[in-house]
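All chains are named by letter (A, B, ...) in the order of the sequence lines, taking the proteins before the strands, and each is independently numbered beginning at 1.
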Amino acid sequence: MQTIQILDANYKYNEKRNPVIQLFGKLSDGTNITKKITNFKHYFYVGINNEIDLDEIKIELVNMGVEVEEVQRYEPIGYQTSKKLMLKVTAIDPKEVRSLRERVKKINGIEEVYETDILFRNRFLIDKNLGGMKWAEVPDKEEFSESEIKSLEIKKNVPLRLMSIDIECLPKQNGAMPTLSEDPIILTSLAFSEAYNETTNLVLVGKLTSQSSENTLSFANESELLENLMLIIEDYDPDIIVGYNSNEFDFPYIETRTKKLGIRASIGRDGSSLYTKKIVLNTNVMVTGRVIIDLLHILRSSNEDKYKFKSYTLKNVAKKLLKLKKLDVDTKEMRGLWENEGDGLKNFIEYSRRDAIITLDLLLEMKLVERYTEMAKASGSLLQDIANGGQSGMIENLLLRRFREHDRVVPPKPDSETSDERFDDSESLKGGAVLDPEKGLVEDVIILDYKSLYPTLMMAYNICYSTIANSPEDEFERVKAPMGGGEFVKTETLKGIVPEILEELLDKRIKIKKQMKLATGTQKELLDAEQYAIKILLNSFYGYSGYQRARLYDLRIANAVTSFGRENIKKTTDLINRMEKIDEYSFRVIYSDTDSVFIKVISKENKISLEKAEKLGDIIGKEITKNLPEPMELVYETFARRGILLAKKRYAMWIFDKTREGYEDKLKIKGIETVRRDWCNLTSNTLKSCLNMILKEGEVAKAIALAKEKVDKLQNFNLTKDSSLLEDLVITKRYTKGAKAYKNKQPHIQLVERMKERGDTPPSIGDRVPYIIIRGKSGGKRQKDLFVNRAENPNYIIKHGIQIDTEYYINKQLLPPLLRIFSTLNSAAPTGAAEFVVKDKKQRTLEDW
DNA sequence: TGGGAAGTGATA
DNA sequence: ATGGTATCACTTCCCA
């Protein structure tokens, strides 16, 4: 017997054209191993009309060459007291299932089909309780039957072998984008996390040069470079290959070049080739038995604040995450460097090497492998599916497993027509409630929030597909969502499948968090990855139920969650407002959003201490929690000594968090321009400094002086003297779709169009476009001078010495956000702020004249 | 020219 | 391809 951790799975036909599952796994010593399972068959379910003769239906099915079995199953949606008779249809060829489904649907008496679009490898993993990065016990032999494999619960993970890749190509025209069909790959850099033959990186050079050394291999031409690249990959045998924009550039490029040169890119663990597939905007890269990760793709789609950047170039991301400066080569210099035999080529090689090293370092720094491993283990999805992104896949995997255990079938994914219908009435899903804040300066605010509100609501009210009461005349007791949403039977009648999953996940997360407090080093990191994976899953069930492309889309569920949530936060607010004084303190809710409440502490005698604030927060939280169904919980989050509430979802708070060394203060800024990427740094930085002065130091006059200083500096701005300030004027916005798809003009889109006309390399869809607003032609027609037409690329501005529209930066970038802050202070600091506002108005009128 | 609607991006 | 809604702010567009 052997124990393996599963890295990847697929299927392939044997010589008898029977499907064979291939499992790509690792032994605990790190050895890679492939296992083949021979007798597993694909199947799906059909729901039948009881009035049609069952035998007739069965005969028609059997005539299609499938096996048919009578089974008892629950339907996917709704509380049911008994199972229904269904048919399990087993196909011999997994590829047939799709066409079979269409033929089966036409049979008279077959009303529904279920689980017709589960990938064969997933069907196998689900049924055998196996999954990505999970462990299995298997026979020593290579090929065996499905009954010989057993799933194991093992916490530890085999270390994976990681490799990064980066290619450089030589375009015909200096500075142009390389063309697949014509321009060769000249350099390929690799970095290895488990050393390869005692080296951690390699550069393959596509021409013979004296520059070759131990870590630099030189080859006669591109063909030899690529042939050797394939050999190195096979030899090193990485589990994960990571690149930066590699799904859109490096891999498709390698695929095309190898095809053109007649080289087999057979880097799959079963000897299959690298394979890329373009899907609308993105490209999927597949290498059997290995996991391909594109870091750019992952960073761009990340929701985490720490991975949000104004620019996603490898250079900027490395600067921010690794605090590194990346060597940079201007694409226009590439040909010169390449043709240079001395230092030029050497620098080019080192630049390329460094890209590969940085990419690998980023992967390690982000702890991505650890996170993805735990997400795979918690959901059962394969590592590659996790890396490709999407929470719906993980949720579906979990639901398929649990529904199966409860003898409940799952519907197929909606076709495009069905999801269009869903889209049409999608307005019917309402979200959380946001209370209009008491705007202006506030002091002494306790902030409380609900821990995992949506998941705990689903548990508290037994909200699930399996507990929806679907017929009004049913007699069992049930709870109806307060404002829209379905009715659900109580836990005593039937505990829902989703609440059951959530409960297990929540318990597990609490346990892990406890263990984390005692753990250190890698042990702690592993636990952190595990709790993070669970957190993602916990929070995804609600979104999934309201997601139009979900198998189990049900607005009665999604609406019930938000409606219970809205009712709950309103009740919470009312209860706190009506609460009796505690000691000499009374309370008023001044803001709330979905799951949080901001409570102003009112006291005539004493300013509240930080310790007392936390104590009161705890008391209020417990007081509210005690009247709530389990496991809902309102907890103390933080305390703000002072803050400014500007509008819903826009505020700045000076908060105090308890640490081991005492209290740590910082600004918690939400929604306002300091945290927005579509404002220039000059605005964000000035605003942040002003907020610091006002909130922390109470120095309004100082803040106003700073604002004035910045305005003055801009007024006297001179590009040739002061080009360092230019960087602070850059605004970035995402280029989201093709220019023709925009109904209104926007500065960054106009710039992209202009860059195309000029023949500059334009940003691609999805990129953030940096721009600066330049001065218009005075006396020109107003229409032509619209600021949308005056966005320009920063490099272009420097190169051509173009004048900046300093007025725009003063009146549209600096002043509005600053004035919004100052004007809220009018009552608190009337003199300073008022003076500033008046002066500004004067200035503006003067300029206008 | 003023004011509101609509489009867009970004955030909570 | 693919978790959700609420909200803000800016800009252009369009009508009176």
Just to be sure I understand the rule, does [X] reach a base, reach only the sugar-phosphate, or reach nothing, if contact means heavy atoms closer than 4.0 Å?
X      : value
A/Y808 : sugar-phosphate
A/V675 : sugar-phosphate
A/R734 : sugar-phosphate
A/R768 : sugar-phosphate
A/D595 : nothing
A/G543 : base
A/R677 : sugar-phosphate
A/S545 : nothing
A/Q391 : base

With respect to the side chain of [X], which nucleotide from [options] is positioned closest?
X      : options                : result
A/Y542 : B/dA12, B/dT11, C/dG4  : C/dG4
A/K733 : C/dC8, C/dG3, B/dG9    : B/dG9
A/Q746 : B/dA10, B/dA12, B/dT8  : B/dT8
A/K648 : B/dG9, C/dG3, C/dT7    : C/dT7
A/D593 : B/dG9, C/dG3, B/dA12   : B/dA12
A/V434 : C/dT7, C/dC8, C/dT12   : C/dT7
A/R650 : B/dT11, C/dT2, C/dC8   : C/dC8
A/S392 : C/dT7, C/dA9, C/dG3    : C/dG3
A/W679 : B/dA12, C/dC10, B/dA10 : C/dC10
A/A647 : C/dG3, C/dC8, B/dA12   : C/dC8

Output field: ring centroids A/Y651/A/F598 closer than 6.0 Å: yes
Protein-nucleotide distance ([X], atom [atom1]; [N], atom [atom2]), rounded to Å:
X      : N      : atom1 : atom2 : answer
A/L429 : C/dG4  : CG    : P     : 9 Å
A/K670 : C/dT7  : NZ    : C1'   : 15 Å
A/Y651 : C/dT7  : OH    : P     : 15 Å
A/D678 : C/dC8  : CG    : P     : 16 Å
A/E396 : C/dT2  : CD    : P     : 11 Å
A/N539 : B/dA12 : CG    : C1'   : 14 Å
A/E673 : C/dA9  : CD    : P     : 8 Å
A/F309 : B/dT11 : CZ    : P     : 13 Å

Residue pairs, two or more places apart or on separate chains, that pass salt bridge (Lys or Arg N to Asp or Glu O under 4.0 Å) and touch residues 809-818 of chain A: none
Aromatic ring pairing A/F309/A/Y312, orientation class (parallel under 30°, perpendicular over 60°, tilted between): perpendicular
Which donor-acceptor pairs under 3.5 Å do side chains of residues 554-563 of chain A form with protein atoms, sequence neighbours excluded?
| residue | atom | partner | partner atom | Å |
| --- | --- | --- | --- | --- |
| A/D554 | OD1 | A/R556 | N | 2.9 |
| A/D554 | OD1 | A/R556 | NE | 3.0 |
| A/D554 | OD2 | A/R556 | NH2 | 2.8 |
| A/N559 | OD1 | A/K430 | N | 3.1 |
| A/N559 | ND2 | A/S428 | O | 2.7 |
| A/T562 | OG1 | A/K430 | O | 2.8 |
| A/T562 | OG1 | A/A558 | O | 3.4 |
| A/T562 | OG1 | A/N559 | O | 3.2 |
| A/S563 | OG | A/M483 | N | 3.2 |
| A/S563 | OG | A/G484 | O | 3.3 |

Bending between helix ends of the helix from B/dT1-C/dA16 to B/dA12-C/dT5 [5 pairs per end, 10° resolution]: 20°
Side chain to side chain donor-acceptor pair (under 3.5 Å) partners for A/E504, two or more places apart: A/R402
Sidechain N-carboxylate O distance under 4.0 Å for A/E530, A/R509: no
Electrostatic pair A/K308:A/D305 at N-O distance under 4.0 angstrom: yes
Contacts of type side-chain contact (heavy atoms from CB on, under 4.5 Å), residue A/Y547, not counting sequence neighbours: A/S392, A/R549, A/A550
Counterpart residues, side-chain contact (heavy atoms from CB on, under 4.5 Å), relative to A/A376 (two or more places apart): A/M133, A/L383, A/I386
Upstream residue (5' side of DNA chain C) when A/S540 and A/K439 are each assigned their closest nucleotide: A/S540
